[in-house]
Amino acid sequence: GNYVILRNKRNIIVMDLGPSPNKRFSRDYQAGALSFEFISDGEKVLTNPGYYSEKNIKLNELCKSSALHNVLTIDDNSSCKFKKNSNLVFEIKEGLKITKSEIINKNKYWKISAAHDGYLKKYNLIYEREIEFFPEKNNLIGIDKIISKKTFPNLKFDVRFHLNPFSKIMKTQDNKSIFIELEDEGWKFTCENYEINIDNGLYFGKKNTYTENQNIFISGITNTQNNYIKWEFIKI
């Protein structure tokens with residue numbers, strides 16, 4: 001499949017490294033390229049949205065969007081463009097390719113790095129993501145890179161991390177850290193150089209029902225030659 005799964009006894013990382021499918025096979029596709037899920041001791045700490053079928057067109061469109069996945073979005077756009085066909089089904093209008101991927105899976109060190117061209121045509125940008133996990137330290141570090149061959153306009157970007165609906169979440173007064181509590185575990189999220197906030201979202205984990213969940217999001221403006229957005233989850 002298009003997913004890479006790295007696992008040990010306690011942790012699982014699942015990351016979407018697939019290109020978008022042919023339009024004919026895209027009715028159930030979600031724009032989640034380079035998004036990932038993180039599981040610790042059997043609990044999903046970070047989760048993608050699940051799927052909502054086409055009975056409710058608005059919710060079906062929403063669950064396909066990149067903004068509901070654990071991934072970067074540029075200018076509030078998904079990495080793929082969808083278009084409603086004559087049967088009122090959303091199909092891919094413009095897809096994406098994975099332009100590079102590398103996986104390291106060792107006992108004490110995991111790394112996944114990959115890039116896609118979903119923002120190339122419209123904005124002349126490549127999105128590259130690198131995720132490292134240190135199992136002994138329970139430390140998950142990511143760098144999201146927005147890369148341009150030329151100079152690029154000032155565009156808003158967000159990186160979202162959608163949390164298990166059962167999480168409790170709190171931001172510190174200095175706005176530098178966010179604490180997540182889930183079952184008996186605690187995690188601390190930090191990000192260098194960018195603003196971090198908490199937002200409400202929807203989770204479609206059970207077929208055709210939804211519940212509210214929260215997400216952490218990093219926001220900023222693309223304005224230099226390369227933007228490197230570094231973030232970290234550490235177990236506390």
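Values reported hereafter were calculated over all heavy atoms of this structure, with side chains retained and with hydrogens, waters and symmetry mates removed.
Ionic pairing of Lys97 and Asp117 is not present here: no N-O contact between side-chain nitrogen and carboxylate oxygen is shorter than 4.0 angstrom. Using a 4.0 Å cut-off between charged nitrogen and carboxylate oxygen, Glu136 and Lys108 count as a salt-bridge pair. The pair Lys100-Glu128 meets the salt-bridge criterion, with a side-chain N (NZ, NE, NH1 or NH2) lying under 4.0 Å from an Asp/Glu carboxylate O. In this structure, Lys156 does not pair ionically with Asp75, as no charged nitrogen and carboxylate oxygen lie closer than 4.0 Å.
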* Before giving the answer on side chain to side chain contact (heavy atoms under 4.5 Å, CB included), spell out for Tyr123 and Asn77 the whole-Å C-alpha distance, their side-chain angles and the decisive distance to 0.1 Å. => CA-CA 11 Å; Tyr123 301 118; Asn77 277 291; 2.7 Å; yes

Determine, step by step, whether Phe189 and Phe161 satisfy the ring-ring contact (aromatic ring centres under 6.0 Å, His included) criterion, reporting the C-alpha distance in whole Å, the side-chain angles of both residues, the deciding distance to 0.1 Å, and the verdict.
CA-CA 10 Å; Phe189 173 82; Phe161 302 93; 5.3 Å; yes

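Residue Tyr210 qualifies as open at atom OH: its count of foreign heavy atoms under 6.0 Å is 12 or below. In the displayed structure, Asn200 atom CG is contacted under 6.0 Å by more than 12 heavy atoms of other residues, nucleotides or ligands.
Cation-pi geometry between Lys106 and Tyr109 is not satisfied (NZ or CZ under 6.0 Å from the ring centre, within 45° of the ring normal).
Between the side chains of Lys111 and Asn105, no donor-acceptor pair of N or O atoms lies under 3.5 Å. Residues Glu195 and Ser219 have side chains that never bring a donor and an acceptor to within less than 3.5 angstrom of each other.
Not a single donor-acceptor pair under 3.5 Å links the side chain of Ser35 to the backbone N or O of His69.
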